[in-house]
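One structure is given below, encoded as structure tokens.
Just so it is clear: chains get the letters A, B, ... in the order the sequence lines come, proteins before strands, and each one is counted from 1. The figures that follow rest on heavy atoms only: side chains count, while hydrogens, waters and symmetry mates do not.
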Protein chains: 2
Amino acid sequence: MKVNDSIEKSDELMSLTLRLQRGELLAAECPSRSVLKHVTSQWGVLVLMVLLKGTSRFSQIRKKVNGVSEKMLAQTLQSLESDGFLNRRSFPVVPPHVEYSLTPMGEEVAAHISALAEWIESNLSRIMDARNNSN
Amino acid sequence: MKVNDSIEKSDELMSLTLRLQRGELLAAECPSRSVLKHVTSQWGVLVLMVLLKGTSRFSQIRKKVNGVSEKMLAQTLQSLESDGFLNRRSFPVVPPHVEYSLTPMGEEVAAHISALAEWIESNLSRIMDARNNSN
DNA sequence: CAGTATCCTCATTGATACTG
DNA sequence: CAGTATCAATGAGGATACTG
């Protein structure tokens, strides 16, 4: 790639270079950013982790994800569904019955998220040790 | 699994069960949640990715992470530093010179974050294909 | 049960100005 | 250069009520 030739040039060229080299995440306009926001959102992470263990219904998820409101859960599920990370199966019975499960793509992201989460959990003591001040 | 035996019981028992089984992330009060919030925050992710490539100065990071404000960058750097994920080296010169780099622990989280980000970037077209509606 | 609709609050973020 | 301080705006999120 001759991309490196332009590395000394203007900021515009620089950011273009970055975009070509390493994807567009660092560029503000990139659609990756919204996907990233969905999966790394507070509730997105936890929902993905729950669904990685298997299909679950709305209120089951709500019980497992401690602290999420109906509204936020619905919103989170919609984002993740529209990104193609999960399937929503609605059974036309009364009372309503809706099941959520990961798509193959969903399982791949969830695996990454889960690896990250598990790293944090098992390193929590190391982290708390290192902590100086607030937050 | 005798876990299911308690599934009919109180919410308190339920969340206790979850905590014992799979760590505390799903419990609202867990300190893991704040760490997770820091590293998965919009700017946290991008800063970690930049620093994974090497030590960088404040304004260098600001240039690379497209769209971040001074305030948000400073705040992000502080959270990550106080979690022990990065080192701040300040040189007592004028004008000021401050370098940020990852700690060994920081490199570990950043590796996870980066893996996730790269997955998203390389699967973007698959994701955009799957997308039905808004967001 | 699985949501939607509405209203409301407070935290996050951004813009701007200032400083060691 | 590397921030801090201040203020204003946006949006995340919660509480409540209602519905198919």
Taking side-chain contact (heavy atoms from CB on, under 4.5 Å) as the test, write out the residues that go with A:Ser90, two or more places apart. A:Arg88, A:Val98

Sequence neighbours left out, what pairs pass ring-ring contact (aromatic ring centres under 6.0 Å, His included) with at least one residue falling in residues 56-101 of chain A? A:Phe91-A:His97

What string of B, S and - do you get for nucleotides 13-20 of chain C, 5' to 3', if B is base contact, S is sugar-phosphate-only contact and - is no contact with any protein heavy atom under 4.0 Å? BBB-B--B

So what does B:Arg62 hit on the nucleic acid, given a heavy-atom distance under 4.0 Å: a base, only sugar-phosphate, or nothing? nothing

Please tell me which of the listed nucleotides, C:dT4, D:dC1, C:dA2, lies nearest to the side chain of B:Arg57? D:dC1

Contact check, side chains of A:Leu25 and A:Leu36, non-hydrogen atoms, under 4.5 Å: yes

Rounded to the Å, how far apart are A:Gln60 CD and C:dG3 P? 13 Å

Atom pair distance, as rounded to whole Å: CZ in A:Arg89 and C1' in C:dG3: 19 Å

Does the side chain of A:Val39 reach to within under 4.5 Å of the side chain of A:Ile113, using non-hydrogen atoms? yes

Can you name the residues that form a salt bridge (Lys or Arg N to Asp or Glu O under 4.0 Å) with B:Glu108, not counting sequence neighbours? A:Arg126

For B:Lys37 and A:Glu99, find the nucleotide of DNA chain C closest to each by heavy atoms; which residue's nucleotide sits nearer the 5' end? A:Glu99

To the nearest angstrom, the CG-P distance between A:Leu77 and C:dG3 comes to 7 Å

Is B:Ser59 close enough to D:dC1 that one of its side-chain N or O atoms is under 4.0 Å from OP1 or OP2 there? no

Which string of ( ) [ ] | and . matches DNA chain C, if you list each base 5' to 3' and count Watson-Crick or G-U pairs only when both distances are under 3.5 Å? ||||||||||||||||||||

Take atom CD of A:Gln78 and atom C1' of C:dA5, then tell me their distance rounded to the nearest Å. 13 Å

Taken to the nearest whole Å, CD1/A:Ile61 to P/C:dC1 is 14 Å

Atom-to-atom span, CG of A:Asn66 to P of D:dG14 - whole angstrom: 12 Å

Decide yes or no for B:Val68 and B:Val65: does some side-chain heavy atom of the first lie under 4.5 Å from some side-chain heavy atom of the second? yes

Salt bridge (Lys or Arg N to Asp or Glu O under 4.0 Å) contacts in which one or both residues fall within residues 96-105 of chain B, not counting sequence neighbours: none

Look at the side-chain N and O atoms of A:Tyr100 and state whether any lies under 4.0 Å from the OP1 or OP2 oxygen of C:dG3. yes

Quick check: do B:Arg33 and A:Asn66 have side-chain heavy atoms less than 4.5 Å from each other? yes

Side-chain heavy atoms of B:Ser114 within contact of B:Leu48, under 4.5 Å: no

